[in-house]
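What follows is a short report on a single structure.
Remember, it's 1-based here, ligands and their atoms both numbered in the order they're listed.
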Amino acid sequence: MSQQIHPGTLFLVATPIGNLDDMTFRAVHILKTVDLVAAEDTRNSSVLFRHFGISTPMTAYHEFNERTKGPELVRELLTGKSVAVITDAGTPGISDPCYPLVRLALEAGLRVESIPGACAAVSALILSGLPVHRFRYEGFLPHKKGRQTRILNLKTETGSIVFYESPHRVIRLLEEIKEHLGDRQVSVSRELTKKFEETLRGTVTDVLQKMSLKEPKGEFVVVVEGLPERKKSHEE
Ligand code: SAM
C-alpha cells in the first residue's frame, strides 16, 4: 500500500548495507514521493537512485555541513515540503548523520517518521549467538584520546556490547578487549549482506587466531559478551 505523505514531514529512511535487494518497497516509495532527499553523499546515493528509478532532487547533508544545512532543511519543511534523510548505508542516526536534524525538526514542531530497514549493528547482534535481550551500542570508539577509558567503562556492562570498527583497527580492538575486559566470547561479522559475508565466533583468542590467517578487509561489527551477572558483584 502506498503511503500518503503529510506535508512538512521529515522521513528517516534506511537504505541497504550492501545487498540492494534489502531496500524496502516503502523506502523506494518515500524517496520517489518526497520533495527533497538529504543524502550524506549525493554521488553514492545516485547509484541507489539509478537502480530504483528515483529522480527526486538531492542535497548534501553530512557531519561537515549539518550546522548550516540542518536549519535550512527545517525552513523547507516549515513551508510544507517533505524531506527524506538517507546516509551511505543503513539506518540514519546509527553512527551516521541525522540526530541534530531530528532535534531541530522536533523543536520546530514538525512530524518525523522512520522508514526502517538494514542496520549492521542489529544484523551482527542477532547473528552473534550472544544474548540479545539486552545490549549496549558503542558504535565507533575514538581512535586515540579516550579510547581506553571507553573500554574500561564497559567492564561491568552485563548486556552484549556492539562496536563498529574499520578493517585497519579491528585486530587492535580485539586485543584491547582481551586486555581490558578479558578473554570473552565475541563475534566478528564482516561484509554483512555482501558476497564475502562472514561471522567468526569464539573467545577473543580463538577469533584473533582465525583472523590472523588473512588481512582484515571490508566492514566490521564486533559483538562482545557482557559480564555475567554473577561476576558483576565481584568487579564492583
Ligand atoms: N548507519 C549504518 C548502520 O545502520 O549500520 C552504519 C554506518 S557507519 C558510518 C559504517 C560502519 O557500519 C562500518 O564501518 C561498519 O562498522 C558497519 N557496517 C556497515 N555496513 C556493514 C556491513 N555490510 N557489514 C559489516 N559492518 C557494516
Side-chain angles (χ1 to χ4, degrees), residues 10-24 26-27 30-31 37-45 47-48 51 60-66 84-102 112-130 132 135-144 147 150-151 154 160-177 186-201 204 207 210-211 214-224:
L10 174 66
F11 292 94
L12 314 173
V13 180
T15 57
I17 55 169
N19 189 328
L20 288 183
D21 286 350
D22 292 336
M23 187 77 170
T24 68
R26 195 163 165 232
I30 295 292
L31 293 178
V37 174
E40 183 181 10
D41 183 326
T42 53
R43 278 230 306 243
N44 277 351
S45 294
V47 176
L48 187 82
H51 187 86
Y61 173 75
H62 44 68
E63 61 173 323
F64 305 107
N65 75 353
E66 63 189 9
V85 179
I86 56 173
T87 64
D88 285 349
T91 299
I94 304 300
S95 295
D96 262 345
C98 134
Y99 167 70
L101 181 57
V102 171
V112 183
E113 282 186 39
S114 91
I115 310 297
C119 176
V122 173
S123 285
L125 178 70
I126 60 174
L127 281 171
S128 69
L130 296 169
V132 292
F135 66 94
R136 174 160 171 167
Y137 176 70
E138 278 292 314
F140 291 101
L141 292 177
H143 301 174
K144 292 190 182 117
R147 187 175 172 95
R150 278 270 294 274
I151 300 178
L154 297 167
S160 300
I161 309 161
V162 183
F163 297 96
Y164 282 171
E165 194 48 282
S166 76
H168 320 290
R169 276 181 291 271
V170 67
I171 298 289
R172 175 177 156 203
L173 174 65
L174 289 165
E175 286 167 347
E176 289 166 325
I177 288 166
V186 290
S187 90
V188 176
S189 292
R190 69 180 276 267
E191 296 291 86
L192 290 162
T193 78
K194 302 186 201 175
K195 189 172 172 194
F196 297 108
E197 168 167 351
E198 182 181 35
T199 295
L200 302 174
R201 303 175 184 82
V204 184
V207 170
K210 291 175 196 162
M211 289 181 72
K214 53 180 193 268
E215 190 195 336
K217 282 204 182 109
E219 299 194 276
F220 287 86
V221 184
V222 174
V223 186
V224 182

Would you say Arg201's side chain and Leu127's backbone share a donor-acceptor pair under 3.5 angstrom?
yes
Could you list the atoms of ligand 1 found under 4.0 angstrom from a heavy atom of Ile94?
1 (N), 2 (C), 6 (C), 7 (C)
With a 4.0 Å cut-off, would you call Lys210 and Glu198 a salt bridge?
no
Atom 22 (C) of ligand 1 has as its nearest protein heavy atom Leu192 N, 3.5 Å
Hey, is the main chain of Glu138 close enough, under 3.5 Å, to the side chain of Arg150 for a donor-acceptor pair?
yes
Sub-3.5 Å N/O-N/O distance, Phe220 and ligand 1:
yes
Of all the atoms in ligand 1, which lie at a distance below 4.0 Å from a heavy atom belonging to Glu165?
16 (O)
Of all the non-hydrogen atoms in the protein, which one sits nearest to atom 26 (N) of ligand 1, and at what distance?
Val221 CG2, 3.4 Å
Side chain, backbone, both or neither: which part of Lys194 has a heavy atom under 4.0 Å from ligand 1?
side chain
Can you check whether Leu125 reaches Ser160 side chain to side chain, under 4.5 Å on heavy atoms?
yes
Any idea which part of Ala89 is under 4.0 Å from ligand 1, heavy-atom wise: side chain, backbone, both or neither?
backbone
Any donor-acceptor pair under 3.5 Å from Thr193 side chain to Asn19 backbone:
yes
Please identify which atoms of ligand 1 are closer than 4.0 Å to at least one heavy atom of Gly90.
3 (C), 4 (O)
Atom 3 (C) of ligand 1 has as its nearest protein heavy atom Tyr164 OH, 3.4 Å
Closest to atom 14 (O) of ligand 1 among protein heavy atoms sits Phe140 CZ, 3.3 Å
Which protein non-hydrogen atom lies closest to atom 13 (C) of ligand 1, naming both residue and atom, and how far is it?
Glu219 OE2, 3.4 Å
Is there a donor-acceptor pair under 3.5 Å between the side chain of Thr15 and the backbone N or O of Thr91?
no
Looking at ligand 1, does Ser95 have a heavy atom less than 4.0 Å from it?
yes
Under 4.0 Å, heavy-atom basis, I'd like to know which part of Asp96 is in contact with ligand 1: side chain, backbone, both or neither.
side chain
Is there a donor-acceptor pair closer than 3.5 Å between any side-chain N or O of Arg147 and the backbone N or O of Pro142?
yes
For atom 18 (N) of ligand 1, what is the nearest protein heavy atom, given as residue, atom name and distance?
Ala120 CB, 3.5 Å
State whether the shortest distance between N or O atoms of Thr91 and N or O atoms of ligand 1 falls below 3.5 angstrom.
yes
Could you tell me whether the side chain of Glu191 and the main chain of Glu219 form a donor-acceptor pair under 3.5 Å?
yes
So Val207 and Val222, side chain to side chain contact (heavy atoms under 4.5 Å, CB included) or not? Walk me through it.
CA-CA 11 Å; Val207 170; Val222 174; over 6 Å; no
Output field: ring centroids Tyr164/Tyr137 closer than 6.0 Å:
yes
As an exercise, identify every atom of ligand 1 less than 4.0 angstrom from a heavy atom of Cys119.
4 (O), 5 (O)
